[in-house]
Amino acid sequence: MSFYNPKKIESKWQKWWEKKRIFQAEDSARGKENFYHLVMFPYPSGDLHIGHWYNFGPADVYARYKRMRGFNVMSPIGFDAFGLPAENAAIKRKIHPQKWTMQNIKAMTKQLKSMGNSYDWSRLIITCLPEYYQWNQWLFLKLYEKGLAYRKKAPANWCPSCKTVLANEQVIEGKCERCDSEVTQKEIEQWLFKITDYAERLLDDLEMLDWPERTKIMQRNWIGRSEGAEIDFPVTDSNLKIKVFTTRADTLPGATYLVLAPEHELLNLLSARILNKNAVNEYIEKAKHKSELERLAETKIKTGVEAKGITAINPYTKKEIPIWISDYVIGGYGTGAIMAVPAHDERDFAFAKEFSLPILPVVVDGKLPEGEIKEAYFGDGVMVNSGELDNLPNHIAKDRIIELAGGKKKINYKLRDWLISRQRYWGAPIPIIYCSLCGTVPVPEKDLPVVLPKIKDFNPEGTGKSPLAKSKKFVNVACPKCGGAAERETDTMDTFVDSSWYFIRYADSQNKESLAEEKKIKAWLPVKIYVGGAEHTVLHLLYSRFFTKFLYDQELVNFKEPFLALRHQGIILGPDGQKMSKSRGNVVDPDDLVEKFGADSVRMHLCFMGEYHHGGPWNPTGILGVHRFLGRVWKLINDQRPTTNDQRQEDKNLEKLFHQTIKKVGEDIEAFKFNTAVSALMILLNEIEKQKSHLSPAACQIFIKLLAPFAPHLAEELWQKFGNETSIHLEKWPEYDEKLVMEEEFELLIQINGKLRDKVVAPKTISQEEAEKLALDRERVQDQLSKKKPKKVIFVPGRLINIVI
RNA sequence: GCCUAGGUGGCGGAACUGGUAUACGCACAGGUUUCAAAAACCUGCGAUCGCAAGGUCAUGAGGGUUCAAAUCCCUCCCUAGGCACCA
């Protein structure tokens with residue numbers, strides 16, 4: 001008798017699966033429906049951590065289950081290989097980003113293979129290779145062609161000391177992470193994708209997705225549709241107008257001043273008329289030192305300055321009102337200016353209080369408040385202080401006011417265009433050439449890819465440009481139009497561009513002629529189920545949806561949404577309940593666990609830990625439970641491996657439990673409730689052991705099959721010990737008998753006044769009369785009743801009877 | 001401040017549509033086995049009163065609805081994740 005030794009069997013089966021190409025997905029398989037199962041591809045940061053395992057392990061349980069349910073499953077894997085850490089490593093450790101990245105990929109591939117997941121490695125994608133990113137560039141050109149890629153000045157975090165652009169991540173409390181000097185905003189020419197053109201569709205199509213409701217809500221909020229009106233406020237003694245967006249046009253009569261964002265263009269146009277130029281400029285300068293988040297986080301104290309010398313006219317009341325500047329108004333949202341109605345908006349109210357500005361109520365519920373106004377009123381009511389519209393309900397007055405003020409109705413979105421320019425080396429070059437004669441010229445398709453050149457110096461250049469700008473060989477190029485001297489764009493693309501379409505590439509990852517062959521796209525896409533972290537609820541998922549819709553419009557794909565179903569895994573914290581990090585020293589290394597318990601135990605423990613989307617602190621001893629369980633399974637099957645002509649039958653109750661377990665495990669995997677599926681298997685094993693009876697070969701094989709998605713190596717070993725020569729993972733999932741799942745008897749609960757007093761076994765179909773009789777005959781019930789008459793009897797068929805006295 | 005989840009034994013967590021709260025596992029305690037330890041196996045394990053039978057109390061706190069509430073409603077407290085003062 002051998003002991004369960006995962007080390008002996010796991011690598012053996014991993015190699016066998018690879019050799020036999022068990023998990024390589026054919027583009028079509030006879031009689032089988034294609035099923036595209038996808039996990040979010042990892043960034044090659046160095047080591048696979050337990051969080052990766054938590055994402056990939058249980059997701060693979062699902063993939064294997066689907067395969068056994070008769071689907072032709074494709075489960076691909078790859079690496080999201082461009083990004084900031086590689087460039088940081090280059091600067092810090094003098095190692096080329098390419099080398100660093102490829103080293104990490106090599107190490108992580110080895111770790112990934114040790115998990116024994118059913119990946120189709122033949123479809124591997126590495127986004128930093130030209131054969132991948134040329135299609136990034138190709139997509140850029142398509143977007144450019146359709147007017148959806150454009151260039152404009154946009155702010156970037158700027159460290160004046162390092163003379164470099166910083167990512168948000170590199171700004172720590174408003175300071176540069178390297179040199180600690182204060183970060184400011186610098187306006188530079190950058191490329192953007194016009195995702196806002198798709199706002200409506202991105203919002204509407206959420207309806208058709210099987211996604212977690214909270215993820216949909218977050219996307220809806222991010223897109224942020226609001227219906228309102230645009231109203232022009234003429235500037236006094238000028239032809240200029242200040243455009244304002246409002247959802248509460250009914251409160252226009254109460255707009256007692258305007259507030260402009262510090263970056264509002266009008267401040268430049270009218271700077272000559274501003275009397276307190278110094279104070280205004282100082283305020284604008286200060287605002288540049290705040291990140292948008294900081295500006296918006298200052299909830300209580302409002303700052304601002306009046307632009308003295310310029311005023312505007314309220315287009316409804318025709319009254320002259322002052323113009324203020326404050327950073328709680330954001331340039332990038334709406335029109336960058338608001339009409340302030342302190343009586344009916346909380347923020348305006350706080351601002352008006354701070355600077356003693358007039359507060360004029362125009363909508364009241366009941367009668368006009370007397371004396372000082374204590375808070376803003378947001379509800380509905382009737383108009384007051386509004387001239388001819390007085391006494392009209394505000395929602396009726398709204399349209400009249402828009403009309404009278406010369407405004408027009410408008411739908412506004414919070415969503416902003418997607419800024420894809422990165423002033424960095426380690427990314428896909430943007431395929432654009434600037435010619436002094438021809439202007440902006442896209443690189444012709446035939447010249448793709450624009451290969452990222454190998455350079456040696458990754459330190460910032462000092463002008464805010466990418467380190468690529470230092471490579472004369474790269475920059476200087478002949479204009480594709482006129483042949484004259486021209487220069488290449490030196491910014492690279494946001495890595496989110498790479499990950500916004502990678503799921504399509506898996507359908508045909510080796511294709512050299514196109515992004516992917518149409519036939520193959522049709523065979524596999526859209527993704528049936530996508531599994532990954534909740535940290536991607538907005539950006540990655542929204543960008544992927546945008547790309548898909550764009551490709552749909554170009555008739556390059558035939559589906560509108562990339563991921564039909566979505567599931568998130570939770571975050572595993574360190575044993576101390578804190579986020580895992582190397583500096584805290586609370587990182588759980590999956591390699592150690594695999595070494596000690598085997599991959600099967602690790603993945604099964606991750607399944608068993610708790611609800612999949614919850615996560616939580618890592619329990620260092622908990623894994624022993626499933627490890628023991630697998631050892632017991634090993635012993636059970638090995639001990640009583642019977643001959644194939646064994647005709648023994650299980651006892652009735654055990655047979656019933658088998659069928660119930662088949663049902664439960666299948667349904668739970670389908671619902672991503674891996675924890676209760678594992679528990680059901682444990683209950684079944686406990687019962688088998690309790691009975692101490694030998695199992696029939698059929699029962700043994702059913703048990704192994706149920707275990708196969710969770711502990712694939714162990715299951716394969718036991719399966720083939722039975723004399724089977726084909727992989728268990730291509731076997732059919734066992735069926736259950738609906739009749740055997742049903743119970744004929746149950747424990748009737750007997751309650752008195754809602755308290756449980758007794759139980760009695762009864763047939764499932766027992767009627768109320770019978771149940772009542774049964775209950776009232778019980779001694780314990782008689783004692784409780786003690787001659788009192790039941791007032792009321794509640795009977796829940798198949799469950800309980802409650803006697804109220 | 002806003003949005004979204006959550007809060008159940010010593011711990012991770014179960015609990016269908018409101019119907020046996022604490023499944024399954026960890027830890028712990030006692031036992032079997034052993035020269036011994038480990039492993040394995042068996043038993044016990046929410047709190048409290050009781051010799052026991054059994055009772056009473058417990059799902060963040062407080063109220064409510066109901067024959068019956070972890071589950072539904074209201075108020076409050078705490079934790080996590082997200083955020084964009086969005087006009």
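All values derive from a computational prediction rather than experimental measurement. Convention: sequence-line order gives letters A, B, ...; per-chain numbering from 1.
- Straight-line distance from the CZ atom of A/Arg416 to the C1' atom of B/rC83: 12 Å, rounded to whole Å.
- When the C1' atom of B/rA21 is taken as reference, atom CG of A/Leu749 falls 13 Å away, rounded to whole Å.
- Of the two residues contacting RNA chain B, namely A/Ile571 and A/Thr335, the nearest-nucleotide position lying further toward the 5' end is that of A/Ile571.
- For A/Lys673 and B/rA15, the shortest distance from a side-chain N or O to OP1 or OP2 is below 4.0 Å.
- Of all nucleotides listed (B/rG82, B/rC24, B/rC16), B/rC24 comes nearest to the side chain of A/Ser679.
- You won't find any donor-acceptor pair under 3.5 Å spanning the side chain of A/Arg632 and the base of B/rC41, going by distance alone.
- When the side-chain nitrogen and oxygen atoms of A/Asn675 are compared with OP1 and OP2 of B/rA14, one or more of them lie within a distance under 4.0 Å.
- Contact between A/Ile338 and A/Asp348 at its shortest, heavy atoms only, is CD1-OD1, 3.5 Å.
- Rounded to whole Å, the C1' atom of B/rC86 lies 43 Å from the corresponding atom of B/rA15.
- Base pairing of B/rA53: no nucleotide in any strand meets the Watson-Crick or G-U wobble criterion (both distances under 3.5 Å).
- Using C1' as the reference atom, B/rA14 and B/rU66 are 25 Å apart when rounded to the nearest Å.
- Residues meeting the salt bridge (Lys or Arg N to Asp or Glu O under 4.0 Å) test with A/Lys408, sequence neighbours left out: A/Glu230.
- Under the 30°/60° scheme for interplanar angles, the aromatic rings of A/Phe597 and A/His627 are found to stand perpendicular.
- Separating the CZ atom of A/Phe597 from the P atom of B/rA39 is a distance of 12 Å, rounded to the nearest angstrom.
- Among the atoms of the strands shown, none is found under 4.0 Å from any heavy atom of A/Asp348.
- If you find the closest nucleotide of RNA chain B to A/Ala337 and to A/Met609, the one lying nearer the 5' end belongs to A/Met609.
- A donor-acceptor contact closer than 3.5 angstrom links the side chains of A/Thr303 and A/Tyr283.
- Between A/Phe674 and A/Phe710, the ring planes lie perpendicular to each other; the angle is over 60°, past the 30° to 60° tilted range.
- Among the nucleotides B/rG19, B/rA87, B/rA14, the one closest to the side chain of A/Glu611 is B/rA14.
- Regarding the sugar-base torsion, B/rG7 falls in the anti class, its angle being beyond 90° of 0.
- We find that CD1 of A/Ile683 is positioned 11 Å from P of B/rA15, with the value rounded to whole Å.
- Regarding A/Asp668, its CG atom lies at a distance of 12 Å from the P atom of B/rC16, rounded to whole Å.
- The pairing partner recorded for B/rA38 is none, the criterion being a Watson-Crick or G-U wobble arrangement whose two distances lie under 3.5 angstrom.
- Taking atom P on both B/rC74 and B/rU4, the two are 13 Å apart, rounded to the nearest angstrom.
- Contacts of A/Lys656 classified as salt bridge (Lys or Arg N to Asp or Glu O under 4.0 Å), with partners at least two apart in sequence or in another chain: none.
- The ring of A/Tyr736 has its center no closer than 6.0 angstrom to the ring center of A/Phe658.
- Summarising the base pairing, B/rG81 is matched to B/rC3 through a Watson-Crick or G-U wobble pair whose two defining distances lie under 3.5 Å.
- If you take atom P in B/rA68 and the same atom in B/rA21, they sit 14 Å apart, rounded to whole Å.
- With rounding to whole Å, A/Phe608 atom CZ is found 8 Å from B/rC26 atom P.
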*Can you give one letter per nucleotide of nucleotides 66-73 of chain B, 5' to 3': B if a protein heavy atom sits under 4.0 Å from the base, S if only from the sugar-phosphate, - if neither?*
-B------
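- An OP1 or OP2 oxygen of B/rA87 is reached within less than 4.0 angstrom by a side-chain nitrogen or oxygen of A/Ser226.
- When the P atom is compared between B/rC42 and B/rC51, the two are found 32 Å apart, to the nearest whole Å.
- Look at B/rC16: it lacks any Watson-Crick or wobble partner with both distances under 3.5 angstrom.
- By the 30° and 60° cut-offs, the orientation of the rings of A/Tyr328 relative to A/Phe351 is tilted.
- Between the P atoms of B/rA40 and B/rC49, the separation comes to 36 Å (whole Å).
- Straight-line distance from the CG atom of A/Leu684 to the C1' atom of B/rC24: 13 Å, rounded to whole Å.
- Across B/rA23 and B/rA70, the matching C1' atoms stand 15 Å from one another, rounded to whole Å.
- Base pairing of B/rA29 is made with B/rU43, judged by Watson-Crick or G-U wobble geometry with both donor-acceptor distances under 3.5 Å.
- Residue-level contact check: A/Arg214 touches the backbone only, with heavy atoms under 4.0 Å from sugar-phosphate atoms and none from bases.
- Comparing the same atom, C1', in B/rC28 and in B/rA80 gives a spacing of 30 Å after rounding to whole Å.
- If you measure from atom CG of A/Asn5 to atom P of B/rA39, you get 17 Å, rounded to the nearest angstrom.
- In this structure, A/Arg628 reaches the B/rC26 phosphate: one of its side-chain N or O atoms is under 4.0 Å from OP1 or OP2.
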_Let's go through A/Phe629 and A/Phe608 carefully: what are the C-alpha distance in whole Å and the side-chain angles of both, what is the deciding distance for ring pair (Phe, Tyr, Trp, His ring centres under 6.0 Å) to 0.1 Å, and is it a yes or a no?_
CA-CA 12 Å; A/Phe629 168 78; A/Phe608 186 55; 8.8 Å; no
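- Judged purely by atom type and a 3.5 angstrom limit, A/Lys216 uses its side chain to pair as donor or acceptor with the backbone of A/Leu206.
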